[in-house]
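Reviewing the structure listed below.
When a residue number appears, it is its place in the shown sequence, counting from 1. A quick note: this is a predicted structure, and the numbers were derived from the prediction, not measured.
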Amino acid sequence: MIFCDLIVDSSRRVWFASAGREGDVSVEELSVGEAASRITDAGSVVCADSRHLLDVGLEPAHVRGLLDVSLWLGDRRLAGRRRLPSETWSAFESAGRRLRAAVRTASHAGIDPNAHPLGALVPRWVPSAALREGVKVVRGLWLSGLARGDLPPRGAHLTDLAVAGLLFSAEQTGFAVDRTVASRWGSEEDPVCKRLLHRLSEVPRGIVFPRFDVHGGRTRRIGTSHGSFPVMGLPREGNVRRAIVSSWSGGHVASLDFNAQDQRCMVGAVPDRAFRDLYAGASDFHARTSEIVLGHAPRDPAERRIVKESFYVAAYGGTPDTVASKTGLSVTDASRIVEMTERALAPIVELRTATSREARESGRISMPDGTWVPADPGDHDGKLMALRFQTSSAISFRRALARFSTISGPGRFVFPVHDEVVLDLPPGQGSEVALGVYASELEEGARVPGLDVDFRVKVHVGENYGDMREVTR
């Protein structure tokens with residue numbers, strides 16, 4: 001066996017999971033009374049909360065180690081190290097290349113890589129020696145999700161592994177920082193920007209090595225681990241992004257950004273095909289919403305903002321006061337726009353009602369990939385709608401990253417930001433030409449069976465992450 005783990009999930013149910021050397025993953029549910037008798041068979045114990053161990057009859061003395069989610073390779077000797085030993089990294093990199101190739105091969109063969117456990121696909125293409133490293137990587141991702149109750153008990157999937165490999169690569173190479181720029185703007189008045197710029201100005205050799213939280217909580221959005229530089233939360237205003245530059249002399253930083261991914265997932269989930277068709281081919285989601293609601297494209301950025309905020313009220317709930325406070329409209333004018341929006345987007349309002357009904361009746365929200373998101377009793381309708389479609393967007397984005405990880409071309413992946421991919425590009429015209437290919441691959445990879453969505457990726461490029469221009473595809 002590659003690993004055997006005893007798992008106590010957030011509902012205090014007990015599972016025994018194991019993976020064989022050929023990638024076969026099995027999960028067995030145990031009764032509470034069986035937990036203590038099986039502890040000697042387990043290599044480690046995984047739990048959402050250590051207090052749950054006492055509830056299932058386990059004592060602290062039984063536990064030989066709790067799984068640290070950041071230790072994806074399953075080797076506790078790596079604890080506290082930011083970088084992997086070269087021989088371990090080489091083994092993982094080799095496994096990752098083969099497994100990413102398996103994702104592409106499966107897709108070309110008409111097989112959905114997300115629909116099969118790891119063991120059902122990998123042995124056809126990947127030598128078991130490479131698989132051993134791969135399964136260890138997936139182990140932390142999958143088992144931590146099971147322990148937290150965010151995933152049903154099922155095997156890890158190739159997409160998960162491809163994403164983990166992509167993020168591991170970014171962790172190892174890091175991203176470049178212009179420390180001079182960071183120091184120049186270090187006196188910035190905004191306290192958040194000031195603190196982040198100070199951190200950037202002091203990084204050794206001008207390289208930041210981020211650490212990612214692959215699982216991402218209830219919505220599964222990829223985040224950064226505790227203590228890592230918070231690339232997911234960089235302020236759009238201020239100068240922090242200007243300090244992030246290319247590692248190549250004369251190179252560029254590029255952004256491949258999904259336009260309104262959450263909102264497009266909402267439209268894709270509406271049963272009414274005629275309504276979905278209203279958004280077909282829309283390069284700018286909110287500009288298309290303006291055409292649907294007002295009968296014309298936004299005349300200026302201010303009008304686009306009004307339509308955007310009105311959409312949010314229709315989708316997530318709220319009042320005209322919210323639109324008025326964010327756009328400068330009078331409450332009377334905001335009320336009129338919200339009424340028009342809710343009337344034109346009635347299927348979205350009905351979707352919010354249906355989402356709330358499912359959550360109240362079952363305690364969870366079904367996702368298009370067959371998984372589900374737990375709903376808390378205190379979640380209001382807008383929160384439930386956000387959970388459903390932020391998670392749908394995260395699922396879609398992970399699939400896009402898995403597809404992207406199989407592409408060869410100039411530049412390298414730097415980090416993801418919610419629904420955006422940031423790249424480091426070497427100088428040369430070929431880099432910008434490749435961006436269109438990358439964007440198309442992301443759009444194609446983001447498709448989720450059962451969700452009829454027309455995704456659009458916008459491309460921006462610049463000398464730093466803060467000053468960028470849009471590139472026409």
#### Entry: Side chains of Leu387 and Thr219 in contact at under 4.5 Å (non-hydrogen atoms)
yes

### Message
Tell me whether the count of non-hydrogen atoms from other residues, nucleotides or ligands lying under 6.0 Å of NZ in Lys458 goes above 12.
### Response
yes

### Task
Check for a donor-acceptor pair, side chain of Arg352 on one end and backbone N or O of Ala314 on the other, with a separation under 3.5 Å.
yes

### Query
Less than 4.5 Å apart, any side-chain heavy atom of Glu303 and any of Asp300?
yes

### Phe311 and Phe285: CA distance, side-chain angles, deciding distance, ring pair (Phe, Tyr, Trp, His ring centres under 6.0 Å) verdict
CA-CA 11 Å; Phe311 179 95; Phe285 182 88; 5.3 Å; yes

### Message
For the backbone of Ala446 and the side chain of Arg403, can you confirm whether one donor and one acceptor N or O come within less than 3.5 Å of each other?
### Response
no

#### Entry: Spacing of Lys308 atom NZ and Lys326 atom NZ [to the nearest 0.5 Å]
9.5 Å

### Task
State, to 0.1 Å, how close Arg456 and Ser283 come at their nearest heavy-atom pair, and which atoms those are.
CG-CA, 3.9 Å

### Query
Nearest 0.5 Å, what's the OG-CZ distance between Ser310 and Arg305?
11.0 Å

## Note on the structure
dist Leu278:CG -> Ile292:CD1 (nearest 0.5 Å) comes out at 4.5 Å

### Task
Look at the rings of Tyr438 and Phe404 and say which category their plane angle falls in: under 30° parallel, 30 to 60° tilted, over 60° perpendicular.
perpendicular

### Query
What's the spacing between Glu202 CD and His198 NE2 if we round to 0.5 Å?
3.5 Å

### Query
If every non-hydrogen atom of Pro427 is compared with every non-hydrogen atom of Gly250, which pair is closest and at what distance?
CB-O, 3.4 Å

#### Entry: Closest approach of Leu196 to Pro230 (non-hydrogen atoms, all atoms of both residues)
CD2-CG, 3.7 Å

### Message
For a 4.5 angstrom cut-off between non-hydrogen side-chain atoms, does Val203 reach Arg179?
### Response
yes

#### Entry: Pair Phe413-Leu167, side-chain contact (heavy atoms from CB on, under 4.5 Å): steps then yes or no
CA-CA 8 Å; Phe413 176 83; Leu167 296 177; 3.9 Å; yes

#### Entry: NZ/NE/NH1/NH2 to OD/OE distance under 4.0 Å, Asp381 and Arg360
yes

### Task
Give a yes or no on whether a salt bridge exists between Asp284 and Arg288, defined as a side-chain N under 4.0 angstrom from a carboxylate O.
no

### Message
Show the nearest heavy-atom pair for residues His286 and Ala260, with the distance to one decimal.
### Response
NE2-CB, 4.2 Å

### Task
Any chance you could lay out the side-chain contact (heavy atoms from CB on, under 4.5 Å) test for Val313 and Thr341, step after step, and finish with the verdict?
CA-CA 9 Å; Val313 169; Thr341 304; over 6 Å; no

### Task
Let me see the working for Leu234 and Tyr465 under side-chain contact (heavy atoms from CB on, under 4.5 Å), right down to the final yes or no.
CA-CA 11 Å; Leu234 296 181; Tyr465 185 37; 4.1 Å; yes

### Query
With a 4.5 Å heavy-atom cut-off, do Thr289 and Tyr279 have their side chains touching?
yes

### Message
What I'd like to find out is whether the side chain of Leu200 reaches to under 4.5 Å of the side chain of Val240, using heavy atoms alone.
### Response
yes

### Task
Please report the shortest heavy-atom distance between Glu443 and Val457, naming the atom on each side.
OE2-N, 2.8 Å

#### Entry: Residues Arg221 and Asp262 bridged, charged N to O under 4.0 Å
yes

### Task
Taking the side chain as every heavy atom from C-beta outward, state whether Met232 and Pro416 have any atom pair closer than 4.5 Å.
yes

### Task
Taking atom CD of Glu188 as the centre, report whether more than 12 heavy atoms of other residues, nucleotides or ligands fall under 6.0 Å from it.
yes

#### Entry: Distance in Å, Met385 CE paired with Asp379 CG, rounded so as to fall on 0.5 Å steps
14.0 Å

### Task
Keeping the roles fixed (side chain from Ser362, backbone from Ala359), state whether a donor-acceptor pair exists under 3.5 Å.
no

### Task
Kindly indicate, with the supporting measurements, whether the criterion side-chain contact (heavy atoms from CB on, under 4.5 Å) is fulfilled by Phe415 and Phe229.
CA-CA 11 Å; Phe415 51 75; Phe229 186 79; over 6 Å; no

### Task
Using a strict cut-off of less than 4.0 Å between a Lys/Arg side-chain nitrogen and an Asp/Glu carboxylate oxygen, indicate whether Arg242 and Asp467 qualify as a salt bridge.
yes

### Message
What's the separation between atom CG in Leu435 and atom NE2 in His252, rounded to the nearest 0.5 Å?
### Response
10.5 Å

### Message
Test your reading of the model: is there a side-chain donor-acceptor pair from Glu358 to the backbone of Ser366, 3.5 Å cut-off?
### Response
yes

### Nearest heavy-atom neighbours spanning His460 and Met468
O-CE, 3.6 Å

### Message
If you define the side chain from C-beta out and look only at heavy atoms, does anything of Val448 sit under 4.5 Å from Ser392?
### Response
no

#### Entry: Short side-chain to backbone donor-acceptor contact, Asp376 and Gly378, under 3.5 Å
no

#### Entry: Validation row: Val270, Glu350 side chains within 4.5 angstrom (heavy atoms)
no

### Query
Are the side chain of Ser290 and the backbone of His296 linked by a donor-acceptor contact shorter than 3.5 Å?
yes

### Query
Just by distance, with hydrogens left out, do Ser396 and Gln261 show a side-chain donor and acceptor under 3.5 Å apart?
yes

### Query
Taking Arg241 for the side chain and Asn464 for the main chain, is one N or O donor matched with an acceptor at less than 3.5 Å?
no

### Task
For the pair Asp424 and Arg412, find out whether any cationic side-chain nitrogen is under 4.0 Å from an anionic carboxylate oxygen.
yes

